[in-house]
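Just so we're clear, the structure is a prediction, and the values are computed from it rather than from any experiment. For the numbers below, each heavy atom of this structure counts, side chains included, while hydrogens, waters and symmetry mates do not.
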Amino acid sequence: MNKKIITIAIALALPFSASAGAGAEKEGFEGGYRHGEKMERMAKELNLNEEQKTKMDALFKEQHEKYKSLHEETRTRLKEILTPEQMQKMDEIKKRHHEQWKSKRGMEKQK
C-alpha cells in the first residue's frame, strides 16, 4: 500500500519538479504552487501521515537537486558543442517556448 502511495505521489509530483527546475533559483515558479503548498495539497489529498510527508519532502528535494545538477551539466556540455551564436539562439528559443507555455497555462487557469 505504501509503495502504491509513493508511486502515485511521484507520478503527480514529476510535472511540478520539472516545471520548478526552470526557476530553480526561486522557491517556486511563477504562477504555480510553491513547494510547501504542493506538499500540503498532496498530503491532504493522499491523507499522508507525518512520516510519509517527511519522506516525500526529502525525496522531492533530492530529485530537484538531481534535476538541477543535470540541467547545469547539460548546459555546460552544450556550450562545448555549440558556437556562442548558436547558444544565444538556443536561449532565445527556450525563452520563447517558456513564454508560450506560461501563456497557455494562464489561459487554462482562466477556464
R75 side chain reached by K79 side chain, heavy atoms, under 4.5 Å: yes

Spacing of CE belonging to M42 relative to CD belonging to E37, to within rounding of 0.5 Å: 12.5 Å

Approximate separation, where rounding is to 0.5 Å, of L70 CG and E65 CD: 12.5 Å

Might you work through the side-chain contact (heavy atoms from CB on, under 4.5 Å) test for E99 and R96, ending with a clear yes or no? CA-CA 5 Å; E99 292 300 320; R96 187 172 63 238; 5.8 Å; no

Please test K94 against H98 for side-chain contact (heavy atoms from CB on, under 4.5 Å), starting from the C-alpha separation and ending with a verdict. CA-CA 6 Å; K94 282 176 59 177; H98 182 71; over 6 Å; no

List the steps, then state whether salt bridge (Lys or Arg N to Asp or Glu O under 4.0 Å) holds for K61 with D57. CA-CA 6 Å; K61 285 180 181 177; D57 189 47; 3.3 Å; yes

Between the CE atom in M56 and the NZ atom in K38, the distance rounded to the nearest 0.5 Å is 10.5 Å

Between N49 and Q52, the two heavy atoms sitting closest are OD1-N, 2.7 Å

Apart from L82 itself, residues in the same hydrophobic cluster as defined by side-chain heavy atoms under 4.5 Å: L78, I81, M87, M90

K55 vs E51, salt bridge (Lys or Arg N to Asp or Glu O under 4.0 Å): CA-CA, chis, key distance, verdict: CA-CA 6 Å; K55 287 180 179 180; E51 180 183 3; 2.9 Å; yes

Once you round to the nearest 0.5 Å, how far does CD of Q86 lie from CG of D91? 12.0 Å

Would you say that E50 contacts K53 through its side chain, given a criterion of any heavy-atom pair below 4.5 Å between the two side chains? yes

Begin from the C-alpha positions of E73 and R77 and carry the test salt bridge (Lys or Arg N to Asp or Glu O under 4.0 Å) through to its verdict. CA-CA 6 Å; E73 178 187 343; R77 292 179 66 187; 3.7 Å; yes

